[in-house]
Novice: 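I am attaching a structure below and will ask some questions about it afterwards.
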Amino acid sequence: MHWADVVALNLSKKGTKHIVSTGITPSGEFHIGHLREILTGEMISRAAKNAGLEVDFIFIVDDADPLRRVYPFLDEEYSKFIGHQIGNIPAPDDNGKPDYARFNEDGWNYADHFLNPFLNALKKIGVRPRIVKNLESYQSGMFSECSKIACDNADKIREIIERVSGRELADSWFPWSPLDSNGSLEGVTVTGYEFPLVHFIDSNGNTGTSDITKGEGKLPWRIDWPAKWAWIGVTCEAFGKDHGASGGSYDTGKEICQLFGYDAPQPLVYEWISLKGKGAMSSSSGNTIGPMEALDLVPPEILRFLIAESKPSKAIEFDAGMSLVNLADEFERSCARDLTAEMNDESLSRRRKVQLEDLFVAIKLSSIEENSKSNSSNVSFRHLALLAQTKSDDQMVWNSLGMNADNPPSSILIDRLSKMRTWINSVHFPDEMRIKMINEVPTEMLQEFNHEQKSVLENLTRMLNECPWDTDSIGSCIVDAAKSIELSPRIAYGVSYICLMGNHKGPRLAPILVELNKSDIVGQLNRCLEFVN
RNA sequence: GGGCCUGUAGCUCAGUCAGGUAGAGCAUCCGGCUUUUAACCGGACGGUCGCGGGUUCGAACCCCGUCGGGCCCGCCA
């Protein structure tokens, strides 16, 4: 059974109405790793709906969290905002400096700046969660009841956190972080509490009060999380393995939740996505790839498939090079198969059947529109990559695929080609997929040349030199170089690939050569010819 | 210190939760096609399932141990 269906099955045992929650702090650029958080939750929601459950899928934006430090993409000017809530400070402009103008005019804040492009990407991926913004929720009093319970039970919560996480909390620790008069959550020490006011002294020695029913501060993360479960009514949440560790925030949250009179949601811990060969994904390293960037390279189904086909416990290694090519091709191949028919084969082993079922569900979950079948273009990415590299004109690509005015390419395919061109022009496109002509003489291969190959090379060099430089003529030249001395054209192609690409095989040659400089090609062949003679 | 994940064909992995004679894709090789889409079609090669014990009629799968790899537990999703 597919992992999403397993979770759905568990949920169905607990009731028919469910709220599946996900949450992210928009403290910087989003990357593919964040997509796992959202898509894992979204796929559980879909599976639960298919199981006949009533499901609300929400995305909690933790914009009440403070800015932790001046990230590499930020100007040093942001140091004065450290400790301030990211939904309350200006967004960085192109130079990483705070954009006060936009902030003052239309409230464009730091959190929105990073969140909005991600939401746009989600739309393209077919994810439409109900957005819950943490900052607003605090300000509108949604957290009031839980905050009161937390403050009233400060000792119990302290006991839970210290016992479960094994960490010792400072004497001054209190389950509420007040905002000081400057709007910072850092360096503030709580000195007293009587509902609804928390008294504090800030880092400058100024005293003040914070009303916990008005969002003049926030609950610390380990309490904030279970408080959200309680007031929203979350019944299922997928979260990263950091929270899932023993003594982590899920463990403490589970107990703290009880104080709010609520049972913790069904958990699902997922593994991280890392960049292949480059370690963990991080927005500060230039190598990271964001959802928006990936969407420029491949159709959105592919990104969904990445998450759907891997069990959440599986660490995913990803890059926008060969990993993506293989992933995309696997998706294409799988779509083209008639899995329903394959599953009906009675002779299959149980395991094989389960495997097919999981793949079937994974593909279904990869479709952008719920419950629609994913469309396959029946053209592999490798193939399309070749065509896109050898033909600068789209129409020539369609012709090559046997498409014309009567049999036009689908909009899916047109989009796919356009993305392929973007990919090819990007740094992500893998070298091994790139068509490359060689300049050096492939001496080792040429040493193996027999008499026939030498003769063909001689013919080829001479004929190409006299050849009009268009696709048909070049094609004829290559063939004639062999045929004129009663040899198979195959030999001529083999010779061409070795001399021009340093390989025994290759893609259709004439359309590539026509794009290149004739004298360069003939020159290369001449150097090879000199060597064999 | 606590915990999680992981080790299966050259590569990437599925299969482990419900034990029943080892699976897929890629790569490689062979064949077909031959003015050739590194395309496509057909086939082959390829694994003592990290290691050692145990349970069982039967273990990649369950239990115990062990070795290797990755990661999380600093109020940071």
Side-chain angles (χ1 to χ4, degrees), chain A residues 1 3 6 22-28 30 33-34 36-38 60-62 65-66 68-69 161 164-167 169 173 175 177 185 218-225 239-252 269-272 274 276 279-280 309-315 317 322-323 325-327 329-330 333-334 348-356 358-359 379-380 382-387 390-391 397 400-402 432-433 435 471-472 474-483 488-494 496-497 501 503-512:
Chain A
M1 199 188 286
W3 59 262
V6 173
T22 59
I24 298 174
T25 304
S27 57
F30 282 74
H34 292 115
R36 190 170 208 176
E37 162 88 20
I38 300 291
I60 298 171
V61 180
D62 287 324
D65 287 3
R68 296 286 165 196
R69 57 192 174 91
I161 293 179
V164 177
S165 77
R167 193 170 346 141
L169 297 173
W173 182 89
S177 301
L185 291 163
K218 76 181 286 282
L219 293 165
W221 164 249
R222 287 201 183 233
I223 304 154
D224 175 283
W225 200 22
F239 46 87
K241 62 176 176 181
D242 48 345
H243 297 308
S246 169
S249 46
Y250 181 78
D251 278 358
T252 51
V269 180
Y270 61 83
E271 255 284 355
W272 301 119
S274 63
K276 203 167 208 165
E309 69 147 0
S310 316
K311 288 198 292 195
S313 62
K314 186 88 198 163
E317 277 198 84
M322 281 316 289
S323 300
V325 173
N326 288 330
L327 178 73
D329 267 348
E330 194 194 335
R333 268 196 311 271
S334 305
L348 285 179
S349 66
R350 188 186 119 257
R351 287 173 192 146
R352 186 85 190 100
K353 210 159 189 169
V354 166
Q355 201 171 340
L356 286 173
D358 283 357
L359 181 62
V379 181
S380 81
R382 284 163 194 281
H383 190 187
L384 194 60
L386 278 182
L387 295 177
T390 53
K391 300 175 197 313
V397 173
S400 159
L401 289 169
E432 63 179 288
M433 293 285 292
I435 294 175
T471 313
D472 288 345
I474 294 171
S476 305
C477 271
I478 297 172
V479 173
D480 289 343
K483 274 196 168 175
S488 161
R490 196 181 204 174
I491 296 176
Y493 281 107
S496 307
Y497 290 127
M501 302 178 82
N503 219 328
H504 290 284
K505 290 182 191 170
R508 185 180 264 246
L509 207 43
I512 299 170

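Please read these numbers as outputs of a predicted model, since none were measured by experiment. Just so it is clear, the values below take in all heavy atoms, side chains as well, and ignore hydrogens, waters and symmetry mates.
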Novice: Write down the distance separating the P atoms in B:rC71 and B:rC51, rounded off to the nearest Å.
Specialist: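 After rounding to an integer number of Å, I get 24 Å for this pair.
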Novice: Looking only at atom C1', what distance separates B:rC64 and B:rA59, rounded to whole Å?
Specialist: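 After rounding to an integer number of Å, I get 15 Å for this pair.
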Novice: Rounding to a whole Å, what distance do you find between A:Trp272:CH2 and B:rC72:P?
Specialist: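 Taking CH2 of A:Trp272 and P of B:rC72, I get 8 Å after rounding.
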Novice: What do the steps show when you test A:Val269 against A:Tyr250 for side-chain contact (heavy atoms from CB on, under 4.5 Å), and what is the final call?
Specialist: CA-CA 10 Å; A:Val269 180; A:Tyr250 181 78; over 6 Å; no
Novice: Could you say whether A:Val6 or A:Gly475 is positioned toward the 5' end of RNA chain B, judged by the nucleotide with the nearest heavy atom to each?
Specialist: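 Result: A:Val6.
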Novice: How many angstroms lie between CG in A:Leu219 and CG in A:Asp224, if you round to the nearest 0.5 Å?
Specialist: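 Reported value, rounded in 0.5 Å steps: 6.0 Å.
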Novice: Whether A:Lys311 contacts B:rG15 is assessed here as follows: a side-chain N or O lying under 4.0 Å from the phosphate OP1 or OP2. Is that the case?
Specialist: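 Answer yes for this pair, as a side-chain N or O of A:Lys311 is under 4.0 Å from OP1 or OP2.
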Novice: Rounded to whole Å, how long is the line connecting atom CH2 of A:Trp225 with atom C1' of B:rC73?
Specialist: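 So the CH2-C1' distance, A:Trp225 to B:rC73, works out to 13 Å.
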Novice: Please state how far atom CG in A:Leu169 lies from atom C1' in B:rC73, giving the value in whole angstrom units.
Specialist: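 So the CG-C1' distance, A:Leu169 to B:rC73, works out to 15 Å.
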Novice: Over how many whole Å does the gap from A:Lys241 atom NZ to B:rC72 atom P extend?
Specialist: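 Interatomic distance, NZ of A:Lys241 to P of B:rC72: 6 Å.
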Novice: Between B:rG43 and B:rC62, how many Å separate the two C1' atoms, rounded to a whole number?
Specialist: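 Pairwise C1' distance, B:rG43 against B:rC62, rounds to 39 Å.
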Novice: Parallel under 30°, tilted from 30 to 60°, perpendicular over 60°: which one fits the rings of A:His243 and A:Trp225?
Specialist: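 Taking A:Trp225 first and then A:His243, their aromatic rings sit tilted (interplane angle of 30° to 60°).
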Novice: Return the value, rounded to whole Å, for the distance between atom CG of A:Leu509 and atom P of B:rA39.
Specialist: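 Those two atoms, CG and P, are 15 Å apart.
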Novice: Can you measure from OG (A:Ser249) to CH2 (A:Trp221) and round to the nearest 0.5 angstrom?
Specialist: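 That separation rounds to 5.5 Å.
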Novice: Using the P atoms only, state how far B:rC45 lies from B:rG23, rounded to an integer number of Å.
Specialist: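 Roughly 13 Å separates the two P atoms.
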Novice: Which nucleotide in the set B:rU6, B:rU35, B:rG70 lies at the smallest distance from any side-chain heavy atom of A:Ser313?
Specialist: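 Of all the options, the side chain of A:Ser313 is nearest to B:rU6.
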Novice: For residues A:Pro312 and A:Trp3, determine if any side-chain heavy atom of one lies less than 4.5 Å from a side-chain heavy atom of the other.
Specialist: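 In contact.
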Novice: Can you check whether A:Gly240's main-chain N or O pairs, donor with acceptor, with A:Arg36's side chain at less than 3.5 Å?
Specialist: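 Looks like no, no N/O pair under 3.5 Å.
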Novice: For B:rA44 and B:rG7, measure between their C1' atoms and round to the nearest Å.
Specialist: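 29 Å, rounded to whole Å.
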Novice: Name the stems that RNA chain B belongs to, where each is three or more consecutive Watson-Crick or G-U pairs with both distances under 3.5 Å?
Specialist: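 If one scans RNA chain B for consecutive Watson-Crick or G-U pairs, the stems found are B:1-7 with B:67-73, B:10-13 with B:23-26, B:28-32 with B:40-44, B:50-54 with B:62-66.
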Novice: Just call it for A:Gly23: base, sugar-phosphate, or nothing, with non-hydrogen atoms closer than 4.0 Å on any strand.
Specialist: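 Sugar-phosphate, no base atom in range.
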Novice: Counting any heavy atom closer than 4.0 Å, what does A:Asp358 reach on the DNA or RNA strands: base, sugar-phosphate only, or nothing?
Specialist: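 It contacts nothing in the nucleic acid.
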Novice: With rounding to whole Å, what would you report as the distance between B:rC63 and B:rU6 at their P atoms?
Specialist: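 So the two P atoms sit 13 Å from each other.
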Novice: What integer number of Å spans the C1' atoms of B:rU21 and B:rC17?
Specialist: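 Each nucleotide's C1' atom is 22 Å from the other's.
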Novice: Does A:Arg167 offer a backbone N or O that forms a donor-acceptor pair with the side chain of A:Ser165 under 3.5 Å?
Specialist: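 Side chain of A:Ser165 to backbone of A:Arg167: a pair is present.
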Novice: Please work out if A:Ile478 contacts a base, only the sugar-phosphate, or nothing of the nucleic acid, heavy-atom cut-off 4.0 Å.
Specialist: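 No contact at all - A:Ile478 keeps every heavy atom at 4.0 Å or more from the nucleic acid.
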Novice: In whole angstrom, give the distance that lies between atom CZ of A:Phe239 and atom C1' of B:rG3.
Specialist: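 Taking atom C1' of B:rG3 as the reference, CZ of A:Phe239 is at 13 Å.
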Novice: Polar-atom pairs under 3.5 Å, protein N or O versus N or O of nucleotides 26-32 of chain B: list them with distances, or write none.
Specialist:
none

Novice: With the threshold set at 4.0 Å, does a side-chain nitrogen-carboxylate oxygen contact exist between A:Glu271 and A:Lys241?
Specialist: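 Salt bridge flag = yes for A:Lys241 with A:Glu271.
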Novice: Classify the nucleic acid contact of A:Ile24 as base, sugar-phosphate or nothing, counting any heavy atom under 4.0 Å across all strands shown.
Specialist: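 It contacts sugar-phosphate atoms only.
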Novice: Ignoring hydrogens, what is the shortest heavy-atom contact between A:Ile24 and A:Pro26? Give both atom names and the distance.
Specialist: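 Closest heavy-atom pair between A:Ile24 and A:Pro26: O-CD, 3.5 Å.
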Novice: Rounded to the Å, how far apart are A:Lys314 NZ and B:rA14 P?
Specialist: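 The answer, rounded to whole Å, is 4 Å.
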Novice: Does A:Tyr497 or A:Thr25 map to a spot on RNA chain B nearer the 5' end, using the closest nucleotide for each?
Specialist: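 The residue closer to the strand's 5' end, by nearest nucleotide, is A:Tyr497.
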Novice: How many whole angstroms separate atom CD1 of A:Ile161 from atom C1' of B:rC75?
Specialist: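 Taking atom C1' of B:rC75 as the reference, CD1 of A:Ile161 is at 8 Å.
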Novice: Any side-chain N or O of A:Arg167 less than 4.0 Å from the OP1 or OP2 oxygen of B:rC75?
Specialist: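 Looking at the OP1 and OP2 atoms of B:rC75, one of them is under 4.0 Å from a side-chain N or O of A:Arg167.
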Novice: Say you pick atom P in B:rU56 and the same atom in B:rA14; how far apart are they, in whole Å?
Specialist: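 It works out to 32 Å between them.
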Novice: Starting at CD1 of A:Ile161, measure out to OG1 of A:Thr252 and round the result to the nearest 0.5 Å.
Specialist: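 A:Ile161 atom CD1 to A:Thr252 atom OG1 measures 6.0 Å (nearest 0.5 Å).
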Novice: Taking atom CE of A:Met501 and atom OG of A:Ser496, what is their separation to the nearest 0.5 Å?
Specialist: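 These two atoms lie 10.5 Å from each other.
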